[in-house]
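Residue numbers start from 1 in every chain, and the chains themselves are labelled A, B, ... in the order their sequence lines are given, proteins ahead of strands.
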Number of protein chains: 2
Amino acid sequence: MINIGIFNEHRLSLEGTCRLLLENKEFNVLFTCDERAGLREKMKPGPVHVLLLTMHEISINSVNIIVQLCIENPKTRILVMSLTDSEEIILKTIKAGAKGFLGPESSYRDLVEAIYTIRSGHDYFSKSITQLLLNRYIKNLKEDDNSTENDLSSLSARQVEILKFWGNGFSNQEIAEKLFISIRTVESHKNHIMQKLNLKNTVDLVKFGIKNNIIEI
Amino acid sequence: MINIGIFNEHRLSLEGTCRLLLENKEFNVLFTCDERAGLREKMKPGPVHVLLLTMHEISINSVNIIVQLCIENPKTRILVMSLTDSEEIILKTIKAGAKGFLGPESSYRDLVEAIYTIRSGHDYFSKSITQLLLNRYIKNLKEDDNSTENDLSSLSARQVEILKFWGNGFSNQEIAEKLFISIRTVESHKNHIMQKLNLKNTVDLVKFGIKNNIIEI
DNA sequence: CTCTCCCTACGTGAAACACGTAATTCCTTT
DNA sequence: AAAGGAATTACGTGTTTCACGTAGGGAGAG
């Protein structure tokens, strides 16, 4: 038996969703709610396993509500349903703590599957949302890669070694001791690196190291 | 009509796949290949729209092959099929340029869909792969968020301002001039920031700025 | 054999850092 | 109203790092 709370500012939709969910014997609709003001109050009494939040328009304010609900009800898993197609917003709701997101194309079947999925501890994203997230991720991945290994290959192994140490907490003095060379040599290496990469300051050097995965962030 | 090349080191699987694909009148199997050595040669003659690469075991070497194929045949879209479940490897094949990835659970129906999908210019990932990528992405998202805004909020607006300038290419001298304050004051601000955040060196300060989105990488 | 790149190292002046001190202002708490 | 605290401003002093030039020895390429 899964305890469900339903929020939807359109009363008709709210009742419709409620009816649909009640058709499934394993679903127990604890409450329905059609205004934001009362939602936090309605969450208090019982253990709500899944909260179905229908957000016709998601704004930053909505995101804050999700954050707050998550804090106040750590055991409740939030499933967001919305027609929005703004990546920005969707990402924010996920960051805020939503465990699932149903896009506009989702059917009743999807809703049921989503409820089971997030109840069992996994995340659920409908097809369009998945596509959206994935596209973005893939794009990130490839961008990461393009900026990687291009310039790094122009550095010698020694230069990379010095940069690694320096970028991960060691002072020039410490590097010199570790590698049994003069501190002046360490400085020279860094100078050569900066010249080779045409960097103007050490801040850019750190950025370079991070982009190329030799400095841990 | 879609021109397809098939690579599979198991000859039986290769033939089976070929037969299956030939059932679809729109698929034109240009060649089959069962050894790595000959693959690049077989790609040369015609325009291969989709290359189906079955990799029973994907290694770094396999990834390099993909990279090379992509360079030599920029118009060919590569669809990888593999039983591996190593995130590392899957990510690398995607970075290397593969346009699709079919996991172990994929059916013939999925294969056909995948071929149409990547032929039309989109990426295709089977359910298990999608799940894998998404989990990782969501995890990244949340991690990003956890490390954000937590510590940054402890800094004053002025401190953030100085950090922003410094992290984006300005020297202390330049910042001082821009803000009409002494260079010593700029130094003071940075000192206070480092103390407040308990950072040991400027490298860490850069990392902090990047994590908190006030320094562009 | 020459040329280039890499690793090593130093000199010097400028810039940045570490750490302490301190005055003024503004805000909160008592 | 008074006290406390944080923020912004600033300086002193000693250390470290940076920027730029110079330079010798070694390894590899042409």
Contact class for A:N191 (heavy atom, under 4.0 Å): base, sugar-phosphate, or nothing?
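The answer is base, as A:N191 lies within the cut-off (heavy atoms under 4.0 Å) of a base atom.
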Tell me what A:S182 touches on the nucleic acid: a base, only sugar-phosphate, or nothing, going by heavy atoms under 4.0 Å.
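Here A:S182 touches the backbone only, sparing every base.
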Find the distance between CG (B:L132) and CZ (B:F125) and round it off to the nearest 0.5 Å.
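Rounded to the nearest 0.5 Å, the CG-CZ separation comes out at 11.0 Å.
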With rounding to the nearest 0.5 angstrom, report the NE2 to CG distance, B:H189 to B:L163.
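Rounded to the nearest 0.5 Å, the NE2-CG separation comes to 12.0 Å.
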Are OP1 or OP2 of [N] and a side-chain N or O of [X] less than 4.0 angstrom apart?
| X | N | value |
| --- | --- | --- |
| A:R184 | D:dT17 | no |
| A:K190 | D:dC18 | yes |
| B:K196 | D:dA7 | yes |
| A:N172 | D:dC18 | yes |
| B:S188 | D:dC11 | no |
| A:S156 | C:dC5 | no |
| B:K200 | C:dA18 | no |
| B:T185 | D:dA10 | yes |

Counting heavy atoms from C-beta on, name the nucleotide in C:dA22, C:dC17, C:dA16 closest to the side chain of B:H192.
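The nucleotide sitting nearest to the side chain is C:dA22.
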Selected nucleotide, minimal atom distance to B:M194 side chain, candidates C:dA18, D:dT9, C:dT8
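Nearest nucleotide to the side chain: C:dA18.
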Between A:T202 and A:H189, just flag the one whose closest nucleotide in DNA chain C comes earlier from the 5' side.
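The answer here is A:H189.
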What is the separation between atom [atom1] on [X] and atom [atom2] on [N], rounded to the nearest whole Å?
| X | N | atom1 | atom2 | answer |
| --- | --- | --- | --- | --- |
| B:E174 | C:dA15 | CD | P | 11 Å |
| B:N201 | D:dC18 | CG | P | 11 Å |
| B:L205 | C:dC17 | CG | P | 8 Å |
| B:R158 | C:dC26 | CZ | C1' | 15 Å |
| A:W166 | D:dC18 | CH2 | C1' | 11 Å |

Looking at A:D34 and A:R11, is any side-chain nitrogen of the basic one under 4.0 Å from a carboxylate oxygen of the acidic one?
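So A:R11 pairs with A:D34 through a salt bridge.
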Rounded to 10 degrees, the angle between the two terminal axes of the helix from C:dC1-D:dG30 to C:dT30-D:dA1, each from five pairs:
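End-to-end axis angle: 50°.
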For B:K190 and B:N172, test the side chains for any donor-to-acceptor distance below 3.5 angstrom and give the result as yes or no.
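A pair is found: one side chain offers a donor N or O, the other an acceptor, under 3.5 Å apart.
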Around atom [atom1] of [X], are there more than 12 heavy atoms from other residues, nucleotides or ligands closer than 6.0 Å?
| X | atom1 | answer |
| --- | --- | --- |
| A:K42 | NZ | yes |
| B:K196 | NZ | yes |
| A:E216 | CD | no |

